[in-house]
Student: 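There's a structure below that I have some questions on.
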Number of protein chains: 2
Amino acid sequence: MTKALERREKLRVDLIQAAEQMIAERGLAGLKTRDLAREIGCANGAVYNLVTDVDELILRVGSRTLLRLDEALSAAESASDPSPQETLIRIALAYCDFAAENLQLWRALFEHRMEADKILPDWSVNDQMQLFRHIYQPLAVLFPKRSQEELGITARSLFSAVHGMVALGLEQKLVAVPLPALRKEIATLVRAMIDGLAARGVKRISGA
Amino acid sequence: MTKALERREKLRVDLIQAAEQMIAERGLAGLKTRDLAREIGCANGAVYNLVTDVDELILRVGSRTLLRLDEALSAAESASDPSPQETLIRIALAYCDFAAENLQLWRALFEHRMEADKILPDWSVNDQMQLFRHIYQPLAVLFPKRSQEELGITARSLFSAVHGMVALGLEQKLVAVPLPALRKEIATLVRAMIDGLAARGVKRISGA
DNA sequence: AATATTTATTGAACGATGTTCAAGGTCTCT
DNA sequence: AGAGACCTTGAACATCGTTCAATAAATATT
């Protein structure tokens with residue numbers, strides 16, 4: 001009873017890895033079931049024994065990408081300099097670097113859109129983009145007076161802002177920016193946002 | 001000699017309008033040449049007399065969307081309160097509102113990706129995302145000491161940051177945020193960025 | 001060990017889609 | 001009115017994701 005399932009499982013991970021590599025090399029639009037089947041050595045139709053959809057396949061690859069991204073941000077979170085300002089900048093740059101080094105896979109996270117009616121499988125709801133939790137800690141240290149909810153909102157805003165700089169920065173559409181320049185811009189703006197948030201918190205008390 | 005061309009032109013604008021409406025209603029993925037042909041009353045193949053590609057069609061719709069977006073930002077640029085801070089916030093909120101009200105068309109601007117080899121037609125290079133020029137003026141007033149190039153970089157960074165907040169804020173992927181909450185977050189963060197950039201400019205002179 | 005039953009795999013076929021093209025129709029100019 | 005240029009048509013092609021009846025394999029039963 002094991003023999004069949006073993007083979008199935010091995011094929012399934014082969015499939016997901018092949019899909020990951022194919023997206024990395026040719027983009028989300030370059031993912032083709034027939035090519036995948038040839039790659040892992042099975043018939044075209046057999047793909048649908050391992051996975052119900054290409055949607056599921058893309059989500060599974062997305063899970064892996066999110067996991068690696070999470071690790072990259074975690075590494076940046078706990079590094080030498082514990083100053084919360086510097087930590088936040090390190091995390092932002094780590095996000096930028098990950099996106100640049102995994103461009104197609106990172107894009108796939110945001111490009112993919114399910115048909116409105118289909119609901120996400122439950123194994124996929126867990127890893128649903130909680131990336132901004134990485135910047136919660138340093139923010140909490142910086143702004144000890146703020147509530148959990150306020151901090152959560154600020155964290156999401158900060159993360160989204162950095163995401164936007166990376167997204168448009170790595171795109172052709174808005175003038176190609178060399179990576180080192182982009183990194184510098186990100187560091188500058190993150191610093192500014194932190195300073196600005198701090199100042200605003202103080203000013204509001206003394207009235208302005 | 002006019003009769004034929006007139007009809008052609010009328011059909012062409014019909015086609016582009018139909019495409020615009022179809023994207024607005026069903027998203028970029030819902031754009032189908034056969035449906036378009038039926039909509040404007042011609043054969044499927046005739047679409048390719050009016051337009052070389054669906055790529056071109058999408059770009060033409062994108063041009064229109066960019067134009068309307070530009071107008072919306074211009075309106076926000078020149079409004080009652082001339083204070084540059086408030087102007088920048090108004091522009092950011094106008095961007096957010098436009099995206100929310102034209103969700104599918106706005107998404108199409110960023111979702112669409114040409115195959116790597118195909119080059120953009122020249123009529124499309126002009127309106128290539130120069131949206132951040134809208135925030136150049138108020139920034140120049142706020143930071144008169146900075147060079148044109150520095151201001152350009154800052155403008156792009158600020159715009160990208162707001163774009164990120166809107167992009168992730170209107171997405172399902174990162175927790176659905178109610179629009180009023182998103183607008184408040186944007187206003188807060190834009191203010192913070194401005195304050196932070198100003199403070200940083202001062203601090204650097206006095207050393208820190 | 002032999003057979004029956006359940007399960008997995010195959011690859012041909014289906015439907016949808018963007019795109020092309022030869023055939024036939026329409027328009028324009030002389 | 002007729003010749004030549006242009007347009008339009010809809011059938012056909014290639015490429016997808018996806019399905020399914022037939023076949024093969026694995027497992028369960030006797």
Side-chain angles (χ1 to χ4, degrees), chain A residues 1-16 18-20 22-23 25-62 108 111-119 121, chain B residues 1-16 18-20 22-23 25-62 108 111-119 121:
Chain A
M1 189 242 203
T2 58
K3 195 70 169 297
L5 293 189
E6 264 176 27
R7 181 179 141 77
R8 233 174 103 95
E9 273 318 304
K10 180 184 168 344
L11 252 195
R12 203 202 302 277
V13 316
D14 283 359
L15 176 67
I16 295 172
E20 178 172 312
M22 199 169 288
I23 293 177
E25 284 172 2
R26 325 196 311 208
L28 194 52
L31 189 72
K32 304 291 152 72
T33 59
R34 284 168 176 81
D35 292 345
L36 284 173
R38 197 178 320 119
E39 195 79 31
I40 66 176
C42 74
N44 173 24
V47 169
Y48 294 85
N49 299 332
L50 309 172
V51 122
T52 74
D53 254 344
V54 288
D55 272 340
E56 180 187 332
L57 192 49
I58 293 172
L59 289 177
R60 291 219 122 96
V61 172
E111 279 182 14
H112 178 57
R113 207 172 300 283
M114 305 257 294
E115 286 122 54
D117 50 354
K118 278 177 71 174
I119 51 165
Chain B
M1 191 248 200
T2 57
K3 196 70 169 297
L5 292 190
E6 263 176 28
R7 181 178 142 77
R8 232 173 103 94
E9 271 319 303
K10 180 181 167 348
L11 253 195
R12 204 203 301 277
V13 317
D14 282 359
L15 176 67
I16 295 172
E20 178 172 311
M22 198 168 288
I23 293 178
E25 283 172 2
R26 325 195 311 207
L28 194 52
L31 189 72
K32 302 293 151 71
T33 59
R34 282 168 178 81
D35 292 345
L36 285 173
R38 196 177 321 120
E39 195 80 32
I40 67 175
C42 74
N44 174 23
V47 169
Y48 295 86
N49 299 332
L50 309 173
V51 121
T52 75
D53 252 347
V54 288
D55 273 340
E56 179 188 334
L57 192 49
I58 293 173
L59 289 177
R60 293 219 121 96
V61 172
E111 280 182 12
H112 179 57
R113 205 172 302 283
M114 306 256 295
E115 286 121 53
D117 49 354
K118 278 178 70 174
I119 50 164

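Chain A is the first sequence line, chain B the second, and so forth, proteins listed ahead of strands; every chain is numbered from 1.
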Student: Could you walk me through whether A/Leu36 and A/Val54 satisfy the side chain to side chain contact (heavy atoms under 4.5 Å, CB included) test, starting with their C-alpha distance in whole Å, then the side-chain angles of each, then the deciding distance to 0.1 Å, before giving a yes or no?
Tutor: CA-CA 11 Å; A/Leu36 284 173; A/Val54 288; over 6 Å; no
Student: Name the closest nucleotide to the B/Ala46 side chain, picking from D/dT8, D/dT18, C/dG11.
Tutor: D/dT8
Student: Looking only at side-chain atoms of B/Tyr48, point me to the closest of C/dA12, C/dT20, C/dA8.
Tutor: C/dT20
Student: Decide, yes or no, whether a salt bridge links B/Arg12 with B/Glu9 under the criterion of side-chain N to carboxylate O below 4.0 Å.
Tutor: yes
Student: Just the rounded figure in Å: distance from C1' of D/dT8 to CZ of B/Arg12.
Tutor: 15 Å
Student: Need to verify one output field. Residue with the more 5' nearest nucleotide on DNA chain C, B/Thr52 or B/Lys32?
Tutor: B/Lys32
Student: Kindly say whether B/Thr52 contributes a backbone atom to a donor-acceptor pair with the side chain of B/Glu56 at under 3.5 angstrom?
Tutor: yes
Student: Less than 4.0 angstrom between a side-chain N/O of A/Asn49 and OP1 or OP2 of C/dA8, yes or no?
Tutor: no
Student: Record whether the side chain of A/Asn44 comes under 3.5 Å of the base of D/dT18 through a donor-acceptor pair of N or O atoms.
Tutor: yes
Student: Whole angstroms only, please: what is the CD1-P distance between A/Ile40 and C/dA8?
Tutor: 16 Å
Student: Round to the nearest Å and state the distance from A/Leu15 atom CG to C/dA8 atom P.
Tutor: 16 Å
Student: Could you state the CG-C1' distance from B/Asp53 to C/dT20, rounded to the nearest angstrom?
Tutor: 13 Å
Student: Distance check needed: D/dC16 P versus B/Arg34 CZ, whole Å only.
Tutor: 16 Å
Student: Tell me which of B/Leu11 and A/Thr33 sits closer to the 5' end of DNA chain D, going by the nucleotide each one is nearest to.
Tutor: B/Leu11
Student: Check whether any side-chain N or O of B/Arg60 sits under 3.5 Å from a backbone N or O of B/Val51 as a donor-acceptor pair, and report yes or no.
Tutor: no
Student: Is the shortest distance from a Lys or Arg side-chain nitrogen in B/Asp35 or B/Arg26 to a carboxylate oxygen in the other one below 4.0 Å?
Tutor: yes
Student: Starting the side chain at C-beta, find the nucleotide from D/dT8, C/dT10, D/dT18 nearest to A/Val54.
Tutor: D/dT18
Student: How many Å lie between CG on B/Leu50 and P on C/dT19, as a whole number?
Tutor: 14 Å
Student: When the distance from CG of A/Leu57 to C1' of D/dC16 is rounded to whole Å, what number comes out?
Tutor: 15 Å
Student: How long is the line joining CD of B/Glu9 and P of D/dC6, in whole Å?
Tutor: 17 Å
